[in-house]
A.B. asks: 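Here's a structure for you.
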Amino acid sequence: MPSLGTRGSFWTAGAVVALALWTSACPTMAYPLYQSEWGVSTTTITWIFAAYPIALIPVLILFGNLSDHIGRRASILLGLAAELVGVLLFALANDVGWLLLGRAFMGLGVGLSISPASVAMVEYSAPGQEKRAGAASTAVSALGIALAMVVGGALTEYAPFPLHLNFFLLAAVIAVVGFLVARMPRHTRDEAKEPWRVRAIVIPRGRRLVFLAGSLAFASSFLLGAIVLPLGAKIAQQLAGSVNALVTGVLLSVFAACITLFALAARRIHVWLLVVLGAAGSIAAVWLFVITGAVHSLGLFFLASAVAGAAYAFDFAGGLTVFNRYAPSHHRAGMVSGGYLVGYLAQGIGAPALGAVVTAHGLMPGLVTGAIVFGAFFLTAIIGGLTVLAPLHRAERRSVRAAASSEPELPSTVEVEV
């Protein structure tokens with residue numbers, strides 16, 4: 001069977017990233033049905049949502065560098081197999097236990113596939129195109145979320161078997177992408193040479209403060225997801241007045257559309273500014289959801305979803321660019337996995353905590369609590385961007401100018417490796 005070329009491998013890896021986010025968000029439009037038809041509480045819904053990051057976290061800890069040793073393709077195929085099992089468990093589910101187990105398999109699968117797929121997008125890009133890979137990864141992530149919202153909303157509202165058909169369709173897509181992944185090259189140039197063994201994620205010395213700043217930005221996108229994905233449909237129906245699942249899905253897909261739009265814009269913005277703008281937008285988004293609930297406006301819900309999408313794009317692209325740009329090549333998958341670990345840890349704690357507040361006190365008090373607590377986290381990301389990444393950017397510019405002035409006969413194209 002012929003192998004895919006560089007471009008085909010790049011976009012196949014992108015499809016894997018999109019599938020990871022589609023898989024993550026695929027139950028979003030079904031959550032209100034589980035509550036109305038099965039009598040499931042909001043706390044239980046957020047625990048179902050959180051079973052995904054809770055299962056994913058130990059995978060990242062134990063296997064975060066696996067693809068550096070066995071190859072991107074092998075790790076991605078293992079992940080897609082686990083995602084397929086998780087989605088089929090949802091398709092066949094008849095009680096909450098199936099959903100919890102399905103979410104755990106989804107977390108296992110995404111944990112094994114998303115980091116190597118993100119790294120593969122960098123490795124199949126031209127040298128110096130880390131921003132392009134980060135922006136493309138963010139854009140295809142948004143596509144995955146949009147498919148979950150729009151396809152899920154349409155099938156939930158108008159198709160038979162609303163709690164099952166959506167998941168059978170996704171399972172078929174996973175199988176097709178798995179076939180394409182099997183045609184990717186077995187190994188890439190930046191993989192480690194020594195045999196793999198279980199080891200902690202290693203953040204190289206001299207890169208740990210930068211990693212922390214990138215992780216705060218990256219995790220901010222996951223905290224936004226902890227509001228939009230498990231509670232977005234509930235906010236639209238109970239507070240904004242939507243009565244149609246497809247309309248709700250389209251409104252929520254604005255979140256994904258803005259992720260795509262602003263991910264493309266992110267390619268032209270310095271990474272430190274991406275981080276600051278993303279965190280500031282995150283603060284604005286969570287308070288716009290609060291205002292939506294206070295005035296019961298679909299228009300404001302639309303605006304809140306759009307701002308959340310823009311902020312998510314900058315948070316995600318900014319954090320991922322930090323990891324890919326500043327990690328040594330043989331530590332890249334481990335550093336990206338470390339970023340996902342921080343992000344999913346924040347989401348795995350934030351989502352159930354928010355759900356518990358909503359169940360105990362109601363949706364509006366839960367949103368206010370989330371805006372205050374999550375807003376404090378976003379503020380720390382702003383501080384990291386200003387105090388760590390902005391000075392690093394200025395130092396890089398000074399270094400480039402000094403090199404240019406001291407070596408006037410350099411070729412017209414100068415490659416600077418950080």
Side-chain angles (χ1 to χ4, degrees), residues 1 4 11-34 37-38 40 45 48-56 59 73-117 140-184 225 229-230 233 245-246 249 252-253 256:
M1 184 168 57
L4 294 175
W11 288 114
T12 298
V16 174
V17 175
L19 270 181
L21 273 295
W22 187 353
T23 301
S24 171
C26 66
T28 297
M29 303 311 301
Y31 287 141
L33 287 181
Y34 293 134
E37 296 187 14
W38 293 7
V40 176
I45 288 295
I48 293 169
F49 175 81
Y52 165 88
I54 289 172
L56 189 149
V59 175
R73 187 182 77 174
S75 183
I76 290 170
L77 286 173
L78 289 172
L80 290 179
E83 286 180 31
L84 182 61
V85 172
V87 170
L88 288 175
L89 284 169
F90 264 76
L92 301 171
N94 54 21
D95 62 37
V96 169
W98 286 65
L99 303 182
L100 289 167
L101 184 60
R103 287 296 279 174
F105 268 98
M106 289 177 185
L108 171 64
V110 172
L112 288 171
S113 65
I114 194 168
S115 291
V140 296
S141 299
L143 176 62
I145 295 173
L147 288 169
M149 303 301 182
V150 176
V151 174
L155 295 180
T156 298
E157 186 68 30
Y158 297 111
F161 314 113
L163 291 180
H164 305 282
L165 186 59
N166 177 37
F167 303 108
F168 280 120
L169 175 62
L170 176 55
V173 175
I174 292 173
V176 171
V177 173
F179 173 78
L180 293 174
V181 170
R183 297 181 57 197
M184 291 173 63
L229 299 181
L246 179 56
L252 286 171
S253 72

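Below, all heavy atoms of this structure are taken into account, side chains as well, without hydrogens, waters or symmetry copies.
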A.B. asks: Got a second to check how far F49's CZ is from L100's CG, nearest 0.5 Å?
C.D. replies: 13.5 Å

A.B. asks: Applying side chain to side chain contact (heavy atoms under 4.5 Å, CB included), can you list everything that pairs with A93, at least two apart in sequence or on another chain?
C.D. replies: W38, W98, L99

A.B. asks: Over all heavy atoms of both residues, which pair between G79 and L112 is shortest? Give the atoms and the distance, please.
C.D. replies: CA-CB, 3.7 Å

A.B. asks: So, does R73 use its side chain to make a donor-acceptor pair with the main chain of A182 at under 3.5 Å?
C.D. replies: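 Looks like yes, one N/O pair under 3.5 Å.
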
A.B. asks: Side-chain polar contacts of residues 148-174 - donor-acceptor pairs under 3.5 angstrom, sequence neighbours left out - could you list them?
C.D. replies:
residue, atom, partner, partner atom, Å
T156, OG1, G152, O, 2.6
E157, OE1, A245, N, 2.8
Y158, OH, N244, ND2, 3.2
H164, ND1, A91, O, 2.5
N166, ND2, C26, O, 3.2

A.B. asks: In a check of side-chain contact (heavy atoms from CB on, under 4.5 Å) between R103 and each of L56, L108, L89, I48, which one passes?
C.D. replies: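 That would be I48.
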
A.B. asks: Could you check whether any side-chain heavy atom of L80 comes within less than 4.5 Å of a side-chain heavy atom of L84, counting everything from C-beta outward?
C.D. replies: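 With C-beta onward as the side chain, the pair stays apart.
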
A.B. asks: Of all heavy-atom pairs between L4 and M184, which one has the smallest distance, and what is that distance?
C.D. replies: CD1-CG, 4.1 Å

A.B. asks: Run the side chain to side chain contact (heavy atoms under 4.5 Å, CB included) test against V140 and tell me which residues pass, sequence neighbours left out.
C.D. replies: W11, V17, A18

A.B. asks: Can you see which heavy atom on M106 is nearest to which on E83, and at what distance?
C.D. replies: O-CG, 4.3 Å

A.B. asks: Any chance you could measure L101, atom CG, to F90, atom CZ, to the nearest 0.5 Å?
C.D. replies: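 So the CG of L101 and the CZ of F90 are separated by 9.5 Å.
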
A.B. asks: Nearest 0.5 Å, please: how far is OH in Y31 from CD1 in I45?
C.D. replies: 6.5 Å

A.B. asks: Quick check: does any side chain N or O of T23 sit under 3.5 Å from a backbone N or O of L19, one acting as donor and the other as acceptor?
C.D. replies: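 Looks like yes, one N/O pair under 3.5 Å.
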
A.B. asks: Atom OG1 in T12, atom CZ in F179: separation rounded to 0.5 Å?
C.D. replies: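 Atom-to-atom, T12:OG1 and F179:CZ are 10.5 Å apart.
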
A.B. asks: On a heavy-atom basis, which atom in A55 and which in A104 lie closest, and how many Å separate them?
C.D. replies: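 It is CB-O, 3.4 Å.
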
A.B. asks: Between atom OG of S253 and atom CG of L143, what is the distance when rounded to the nearest 0.5 Å?
C.D. replies: 11.0 Å

A.B. asks: Can you measure from OG (S113) to CG (L77) and round to the nearest 0.5 angstrom?
C.D. replies: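 Reported value, rounded in 0.5 Å steps: 10.0 Å.
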
A.B. asks: Can you find a heavy atom in the side chain of I114 that is under 4.5 Å from one in the side chain of L21?
C.D. replies: yes

